[in-house]
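Being a predicted model, the structure only gives us computed values, none of them experimental.
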Amino acid sequence: MEAQKPTQQPQAKAAAKKAAKSGSNVTGIKNAFLVIIACFIVAVCLFAFWFGHESHFEEGHPIDLWGTIYKGGVIVPILQTLFLTVIVLSVERFIAMKSAKGKGNITKFVAGVKACLQKGDIAGAKVLCDKQKGSVAAVVAAALVKYEEMDKNTVLTKEQKVAMLQKEVEEATALEMPALQQNLPIVATMTTLGTLVGLLGTVIGMIKSFQALAASGAPDSTELSTGISEALINTAFGIATGAFAVISYNFYTNKIDNLTYAIDEIGFSIVQTFAATH
């Protein structure tokens, strides 16, 4: 029996090390830069081959909305890139939040785990975690493993056990939070960047309009209309990008807050249950 201990200890340490490095299993795009590059390529192709297609023009003048957008100038593909990036990352966050939420109702899951803890049914709580999945279930599962470990520990004091259990909950929560918040800072940046780039396009368009007005003789109506179109199109894209980014960011921030509240609630319950029963 004693000869097996040296081999079992390294295996236990290796398993713990592997678990610590496993990270969150919340799905999501890890490299948002590739998304921006892909959106830029799509935006340029749309601008060059669709908006700028000859079918949208007659004698150099736009005859529909697509041609008018093309007249917005070179700032339009940049704004389209920002807008497409917000859309793609918003869809990506929707999938990630759905994965983080798990398969069932979080409120019912938290209530079920609390009921199991009150009865001392740790195995039942683990079964609920396996069914629920998601970020909340991952934190609870990690806490329950530490709960059983502290329950069997006869060396540490009660206060030390409670502190260790609390630390495990905090570490498991910290492991999930980056996966939940991933790519949201980029969406938040788009709220300001989209508006500023749209404003830049507006200023460029107005400069062209005033240049047409300042020309000698009668103002060139074509140049004047082109400048005004460029100003208005860029303004519209900038406002749309900023507005959609704000809505998306606030929506998913609220979702994360709800998940965080559920994690804090169940984590506190696990720690308090251990402190009350030991």
Would you mind reporting whether Y147 and T273 have side-chain heavy atoms less than 4.5 Å apart?
yes
Could you walk me through whether V139 and I266 pass the side chain to side chain contact (heavy atoms under 4.5 Å, CB included) test, one step at a time?
CA-CA 9 Å; V139 173; I266 192 64; 5.6 Å; no
Could you check M97 against F251 for side chain to side chain contact (heavy atoms under 4.5 Å, CB included), going step by step and ending with a plain yes or no?
CA-CA 11 Å; M97 289 299 110; F251 177 78; over 6 Å; no
Measure the CG-SG distance between L89 and C39 for me, rounded to the nearest 0.5 Å.
7.5 Å
Between C116 and L128, is a side chain to side chain contact (heavy atoms under 4.5 Å, CB included) present by the stated rule, with each step listed?
CA-CA 9 Å; C116 290; L128 291 177; 3.9 Å; yes
Could you pull out all donor-acceptor pairs under 3.5 Å where a side-chain atom in residues 253-260 meets a protein atom, sequence neighbours excluded?
from, atom 1, to, atom 2, distance (Å)
T253, OG1, Y249, O, 2.7
N258, ND2, N254, O, 3.4
T260, OG1, I256, O, 2.8

Beyond-backbone contact of N234 with V197, side-chain heavy atoms, under 4.5 angstrom
no
Count the heavy atoms of every other residue, nucleotide or ligand shown that sit under 6.0 Å from NZ of K167, and state whether that count exceeds 12.
no
Side chains of T68 and D64: does their closest heavy-atom pair fall under 4.5 Å?
no
For the OG1 atom of T85 and the CZ atom of F40, what is their distance to the nearest 0.5 Å?
11.0 Å
Same cluster for L82 and L200 if Ile/Leu/Val/Met/Phe/Trp/Tyr side chains link at under 4.5 Å?
yes
Mind checking the CG-CE spacing from L232 to M206? Nearest 0.5 Å is all I need.
8.0 Å
Would E149 and K161 pass as an ion pair if we require N to O under 4.0 Å?
no
For the atom pair NZ (K126) and CG (L144), what is the distance rounded to the nearest 0.5 Å?
7.0 Å
Is it true that L46 and L79 fall in one hydrophobic cluster, defined by side-chain heavy atoms closer than 4.5 Å?
yes
Might you point out which heavy atoms bring P77 and V44 nearest each other, and give the distance in Å?
CB-CG2, 4.4 Å
How far does CD of E92 sit from OH of Y252, to the nearest 0.5 angstrom?
9.0 Å
When hydrophobic residues are tied together by side-chain contacts of less than 4.5 Å, even through go-betweens, does V145 share a cluster with L117?
no
Quick one: closest heavy-atom pair of N105 and K108, and the distance?
OD1-N, 3.0 Å
Set out, in order, the CA-CA distance, both residues' side-chain angles and the distance that settles side chain to side chain contact (heavy atoms under 4.5 Å, CB included) for K131 and K103, then state yes or no.
CA-CA 7 Å; K131 292 180 179 179; K103 294 184 176 180; over 6 Å; no
Restricting to non-hydrogen atoms, name the atom on A143 and the atom on I270 that form the minimum distance, rounded to 0.1 Å.
CB-CD1, 3.7 Å
Minimum heavy-atom distance between S90 and F244, given as atom pair plus value
OG-CE2, 3.8 Å
Show the nearest heavy-atom pair for residues F51 and W66, with the distance to one decimal.
CE2-CE3, 3.1 Å
Would you say the rings of W50 and H56 are close, in the sense that their centroids are separated by under 6.0 Å?
yes
How would you list, by chain and number, every residue that makes a ring-ring contact (aromatic ring centres under 6.0 Å, His included) with F94, sequence neighbours excluded?
none
Ring geometry between F83 and F237 (parallel below 30°, tilted from 30 to 60°, perpendicular above 60°)
perpendicular
Report whether I36 and I29 are members of the same hydrophobic cluster (ILVMFWY, side-chain heavy atoms less than 4.5 Å apart, transitive linking).
no
